[in-house]
Amino acid sequence: MNNILKLININVFYDDKKILDNINIEFERNKITSIIGPSGCGKTTLLKTINKIILEENNSRIIGNIEFDGVDTDNIPIEILRKNIGMVFQNPTPFPLSIYKNISYALKYYGYNKKYLENKVIDILKTVNLYDEIKDKLNTSALKLSGGQKQRLCLARSLSVEPNILLLDEPCSSLDIINSEKIEETLIKLKDKYTIIIVTHNISQAKKISDNTIFMYNGKIIERGKTEDIFSNPKNQVTKNYISN
C-alpha cells in the first residue's frame with residue numbers, strides 16, 4: 001500500500017469554532033509532503049490532528065476518521081500512535097538533561113540495553129549531521145547548544161524510537177541559512193526510511209525538498225498535488241495568488 005496515512009472528512013473544533021473544514025487527504029509513504037498557506041489557515045492544527053496531540057488542548061475535538069496503515073487511529077493506543085507518528089515543534093525544546101540523555105531517554109523507556117543505547121545515540125546524531133559538532137560534549141547540557149543544534153537534537157530525539165511518520169512544524173523558521181540547509185539535507189536523506197510531513201512558510205523550501213505539496217486556506221485544503229505541478233501550474237486562483245507573492 002503506497003499511502004501510509006488517510007484523513008477522511010476531518011473537522012476540528014475549538015469550542016464551537018471550526019478550525020479545519022472537511023479535510024480529505026492521503027499521504028504517500030516515504031515521500032516529503034509540504035503544507036503551505038497563510039498564517040492562521042490551519043496548517044499547524046492539521047499537523048497536530050494527525051497524531052491527535054491537538055486533543056491535549058482544552059475544548060478541542062476531532063470529527064472524522066484518521067487511518068494509519070489502514071487502521072483507524074481510534075483503535076490504536078495513543079502512546080503507540082505517537083511512537084509511530086513523531087513530531088518536531090517550531091521552537092526546539094530539548095530536555096534539561098545531557099545531550100546523550102536527550103536521545104537515550106525514550107530508548108531506555110522501551111527497555112534497550114546499555115550497549116545498544118551507546119551505538120544508537122551515535123548513529124542517530126550522525127543521521128542528523130550533529131555528531132561531529134558535539135561528539136566531545138555528549139555529557140554536557142543540551143540547553144547549551146545553539147538554536148540550530150537544538151533543532152537537530154530534537155529531530156534526533158524524535159527519530160530515536162524509529163517512527164513511521166515524522167511531523168515537522170516550521171522546523172527552520174528561527175534558523176539561519178546554514179542551519180536550515182542542514183535540516184533540509186537531513187530530511188531529504190531521511191525520506192528513504194520515513195514519511196515526512198512538514199509545515200513551512202518558506203516557499204523555496206517547499207519547492208526544494210518536497211515531493212508533494214498541500215495548499216491550505218481558511219481551514220480548507222484548496223489544492224494538492226505533485227510539488228512541481230503546484231508551483232508551475234496551480235489550478236486554483238487563490239493558490240496562484242499565494243505562491244506568486
Side-chain angles (χ1 to χ4, degrees), residues 4 27-34 47 51 79-80 82-200 202 204-206 208-211:
I4 190 171
F27 293 90
E28 286 187 86
R29 190 184 307 272
N30 297 115
K31 300 290 186 183
I32 299 177
T33 300
S34 287
L47 207 66
N51 70 350
E79 66 273 12
I80 300 300
R82 291 179 187 165
K83 179 181 182 294
N84 281 287
I85 307 178
M87 186 162 181
V88 178
F89 295 93
Q90 181 175 356
N91 297 313
T93 53
F95 299 145
L97 303 168
S98 70
I99 295 168
Y100 181 89
K101 288 182 177 179
N102 263 267
I103 307 300
S104 64
Y105 188 88
L107 294 171
K108 283 184 178 179
Y109 175 82
Y110 289 106
Y112 293 106
N113 63 48
K114 184 177 180 181
K115 185 62 177 176
Y116 178 87
L117 287 178
E118 291 174 354
N119 293 330
K120 187 67 173 177
V121 168
I122 291 172
D123 286 346
I124 293 172
L125 290 172
K126 286 181 177 178
T127 297
V128 300
N129 298 319
L130 186 56
Y131 181 71
D132 288 342
E133 297 175 30
I134 50 86
K135 59 186 176 183
D136 299 322
K137 305 175 183 177
L138 292 180
N139 293 317
T140 61
S141 173
L143 301 180
K144 294 182 179 180
L145 295 173
S146 70
Q149 290 173 330
K150 287 178 181 177
Q151 190 62 287
R152 280 179 283 150
L153 180 71
C154 290
L155 178 57
R157 191 174 66 198
S158 292
L159 295 176
S160 67
V161 295
E162 298 186 350
N164 295 97
I165 299 174
L166 191 61
L167 310 174
L168 300 107
D169 185 16
E170 303 269 18
C172 302
S173 64
S174 60
L175 304 184
D176 58 30
I177 292 174
I178 292 174
N179 278 294
S180 294
E181 287 179 347
K182 288 179 179 178
I183 294 282
E184 290 166 357
E185 289 167 6
T186 298
L187 295 180
I188 291 169
K189 182 170 62 175
L190 287 175
K191 76 173 182 177
D192 287 340
K193 190 173 181 181
Y194 304 94
T195 299
I196 298 169
I197 305 171
I198 177 172
V199 164
T200 180
N202 188 327
S204 62
Q205 182 178 76
K208 181 180 178 182
I209 70 170
S210 58
D211 303 286

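Computation of the quantities below employed the complete heavy-atom set of this structure, encompassing side-chain atoms and omitting hydrogens, waters and symmetry-equivalent molecules.
- With hydrogens and angles disregarded, no donor-acceptor distance shorter than 3.5 Å links the side chain of K150 to the backbone of P94.
- When all heavy atoms are compared, the tightest approach of R157 to F95 is NH1-N, 3.2 Å.
- Between F27 and I165 the shortest side-chain heavy-atom distance does not fall below 4.5 Å.
- Put simply, the side chain of Q151 gets close to the backbone of P171: a donor and an acceptor are under 3.5 Å apart.
- The two residues L145 and I134 come nearest to each other via the heavy atoms CD2-CG2, 3.6 Å.
- The number of heavy-atom neighbours closer than 6.0 Å to NZ of K191, taken from other residues, nucleotides and ligands shown, is above 12.
- Taking NZ from K31 and OG from S210, the interatomic distance works out to 11.5 Å, rounded to the nearest 0.5 Å.
- Taking every heavy atom of both residues into account, I198 and I209 meet most closely at CD1-CD1, 4.1 Å.
- The CD atom of E170 lies 10.0 Å from the CG atom of L47; values are rounded to the nearest 0.5 Å.
- Contact annotation: the side chain of T140 approaches that of I99 to within less than 4.5 Å [non-hydrogen atoms, C-beta and beyond].
- Using a 4.0 Å cut-off between a side-chain N of Lys or Arg and a carboxylate O of Asp or Glu, E162 and K120 qualify as a salt bridge.
- A distance of 8.5 Å separates NZ of K101 from CG of N139, quoted to the nearest 0.5 Å.
- Remark: L107 CG to S160 OG distance equals 4.5 Å, nearest 0.5 Å.
- With values rounded to the nearest 0.5 angstrom, T186 atom OG1 is found 9.0 Å from L159 atom CG.
- Without hydrogens or angle criteria, N84 side chain to P163 main chain gives no donor-acceptor distance under 3.5 Å.
- Distance check, rounded to the nearest 0.5 Å: CG of D211 to OG1 of T33 gives 7.0 Å.
- Of all non-hydrogen atoms in S98 and L138, the two that sit nearest each other are CB-O, 3.6 Å.
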After noting the C-alpha distance and the side-chain angles of L130 and Q149, does the key distance pass the side chain to side chain contact (heavy atoms under 4.5 Å, CB included) rule?
CA-CA 7 Å; L130 186 56; Q149 290 173 330; 3.8 Å; yes
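- Looking only at side-chain heavy atoms (C-beta outward), L187 and Y194 stay at 4.5 Å or farther from each other.
- Minimum interatomic distance between I183 and R152 (heavy atoms only, all atoms of both residues): CD1-CG, 3.4 Å.
- In the displayed structure, Y116 atom OH is contacted under 6.0 Å by more than 12 heavy atoms of other residues, nucleotides or ligands.
- With a 6.0 Å radius and a threshold of 12 heavy atoms from other residues, nucleotides or ligands, K144 has its NZ atom at or below the threshold.
- Taking both residues in full, the closest heavy atoms of S180 and C172 are given as OG-CB, 3.5 Å, listed atom of the first, atom of the second, then distance.
- Side chain of T195 to main chain of N30: a donor-acceptor pair is present (N/O by atom type, distance under 3.5 Å, no hydrogens or angles).
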